[in-house]
Amino acid sequence: MHLDELRELLVRHARADRSTDIEGVRVSKFESPYPPTPTTTGTVMALIAQGTKRLTLGDREYEYRAGQYLVASVDLPITGNFSEASPQEPALGLGLTLEPAEAADLLLSDPGPEAARGSDDARRLSAGPPPGIAVSYAPPELLDAVVRLLRLLDRPRDRAVLAPLVKREILWHLITGEQGETVRQLGLADSGLNTIARTVHWIRDHYAEPFRVEDLARLAGLSVSAFHRQFHTVTAMSPIQYQKQIRLQEARRMLATRSGDVTGVSLLVGYASPSQFSREYRRLFGTAPSQDAAHLSLSDRARTAALP
């Protein structure tokens with residue numbers, strides 16, 4: 001029942017740019033499958049109402065379909081696509097941005113025993129961070145809250161007051177659900193996940209600059225070996241591989257508006273050698289940067305936006 005109404009709401013409110021009138025909520029509708037496409041996740045809950053989506057993150061692969069949701073706790077470079085879609089049965093999904101401050105506020109409001117929460121958090125911190133992506137089946141209470149959130153798109157007056165409350169309810173169901181460990185760590189400033197997230201943010205902000213892994217480990221407050229291990233647990237790749245993915249994805253965005261300046265773009269994203277840039281670009285995107293730039297369009301850029 002929940003999925004049927006969810007599909008109806010998603011079809012009715014789908015836009016080409018996937019935006020909605022509720023902040024942090026995106027709606028996806030695709031009427032045909034498309035090739036695996038590099039993008040970044042953001043921190044998000046992505047729920048599938050129809051179709052099947054496949055993702056690759058480093059050396060890991062994920063698949064989720066109708067009635068399942070994915071949680072991404074760190075902004076990660078992935079390759080993904082809807083593999084099942086048609087005009088009669090379009091692929092349908094919803095994405096909700098997860099805000100660490102909101103997760104922290106809910107954790108402070110948790111009426112559970114303080115001692116139990118503290119011991120649980122200590123155990124999680126000592127065990128290291130969870131993977132940055134996890135997939136689960138959506139329980140009825142989560143689906144119900146998502147449907148109620150989308151109903152507000154038809155009720156502008158109610159939306160302004162109730163949408164923040166329903167989004168908070170959805171976040172609570174995630175925190176207390178099967179992937180709660182991952183979502184809870186978003187709200188814990190000293191969690192293993194946020195320790196790695198600090199270095200991920202640094203790489204994203206300085207992707208064109210060289211770095212020493214020792215300096216990132218120092219930023220995380222970890223030994224080099226522990227940092228390597230925990231970074232790979234969260235991102236499924238090494239820091240250098242993460243930087244390369246971000247450089248190439250930023251280059252592709254630049255080429256959409258600077259198609260005649262492949263060499264200039266390669267230098268802007270941190271490559272000293274245009275030939276190395278072209279080789280690695282072709283390896284990731286399957287075509288040379290000059291050829292890819294000529295075919296990039298608004299529809300391509302919309303498709304490569306964040307999840308779902």
Side-chain angles (χ1 to χ4, degrees), residues 1-34 39 41-55 62-72 80-99 102-103 106 133-180 182-183 302-303 305-308:
M1 178 67 76
H2 288 312
L3 276 179
D4 289 340
E5 184 175 359
L6 179 58
R7 293 182 186 113
E8 293 173 5
L9 288 164
L10 292 172
V11 168
R12 186 159 74 247
H13 293 290
R15 299 172 177 170
D17 65 358
R18 302 203 286 182
S19 67
T20 71
D21 292 326
I22 299 177
E23 183 178 1
V25 175
R26 296 182 300 277
V27 167
S28 295
K29 176 187 174 186
F30 293 99
E31 295 187 345
S32 62
Y34 56 88
T39 184
T41 63
T43 53
V44 68
M45 184 276 289
L47 174 66
I48 301 299
Q50 191 161 272
T52 299
K53 188 155 193 177
R54 294 192 176 97
L55 303 179
Y62 300 87
E63 181 177 281
Y64 61 124
R65 59 186 67 236
Q68 291 184 301
Y69 71 95
L70 173 147
V71 169
N81 68 308
F82 276 107
S83 58
E84 297 177 6
S86 69
Q88 294 75 32
E89 292 190 359
L92 299 168
L94 171 137
L96 173 65
T97 300
L98 302 179
E99 300 290 350
E102 290 292 331
L106 276 174
I133 284 181
V135 173
S136 288
Y137 280 97
E141 58 271 18
L142 177 60
L143 290 173
D144 176 69
V146 170
V147 167
R148 285 187 282 111
L149 180 66
L150 289 177
R151 286 176 187 161
L152 293 173
L153 291 170
D154 296 318
R155 292 151 43 197
R157 186 180 179 187
D158 291 343
R159 182 170 67 234
V161 174
L162 297 181
L165 302 179
V166 182
K167 288 197 292 183
R168 185 176 173 88
E169 179 187 346
I170 291 170
L171 182 56
W172 176 248
H173 290 314
L174 295 175
I175 285 174
T176 58
E178 187 174 340
Q179 300 306 330
T182 296
V183 184
R303 192 176 63 200
L307 292 172

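None of the values given here were measured: they were computed from a predicted structure. Residue numbers count from 1 along this sequence.
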When L10, L6, L142 are each screened for side-chain contact (heavy atoms from CB on, under 4.5 Å) with L47, the one that passes is L6

I'd like to know if the side chain of [X] reaches the main chain of [Y], judged simply by a donor and an acceptor atom lying under 3.5 Å from each other, with no hydrogens or angles considered.
X: R7; Y: A49; value: yes
X: T52; Y: E84; value: no
X: R159; Y: L153; value: yes

Looking only at heavy atoms, what is the nearest atom pair of [X] and [Y], with distance?
X: L150; Y: H13; answer: O-NE2, 4.3 Å
X: P33; Y: A85; answer: CD-O, 3.2 Å
X: E63; Y: Q68; answer: O-OE1, 4.2 Å

Does any part of the side chain of V146, heavy atoms only, come nearer than 4.5 Å to the side chain of Y69, both counted from C-beta?
no

Taking the side chain as C-beta and beyond, is there a heavy-atom pair between L174 and Q179 under 4.5 Å?
no

[atom1] of [X] to [atom2] of [Y]: how many Å apart, nearest 0.5 Å?
X: Y64; Y: I48; atom1: OH; atom2: CD1; answer: 4.5 Å
X: R168; Y: L149; atom1: CZ; atom2: CG; answer: 15.0 Å
X: D144; Y: I170; atom1: CG; atom2: CD1; answer: 9.5 Å
X: M45; Y: L98; atom1: CE; atom2: CG; answer: 7.0 Å
X: L162; Y: L152; atom1: CG; atom2: CG; answer: 5.5 Å
X: L70; Y: L55; atom1: CG; atom2: CG; answer: 6.0 Å

Would you call the rings of Y34 and F82 parallel, tilted or perpendicular, taking 30° and 60° as the class edges?
perpendicular

Are R148 and E169 within salt-bridge range, i.e. N to O under 4.0 Å?
yes

Salt-bridge criterion met for R151 and E5 (N-O under 4.0 Å):
yes

Using the test salt bridge (charged side-chain N to carboxylate O under 4.0 Å, His left out), find all partners of R12 that sit at least two apart in sequence or belong to another chain.
D154

Please table the atom pairs, donor to acceptor, closer than 3.5 Å between any side-chain atom in residues 88-97 and protein atoms at least two apart or in another chain.
none

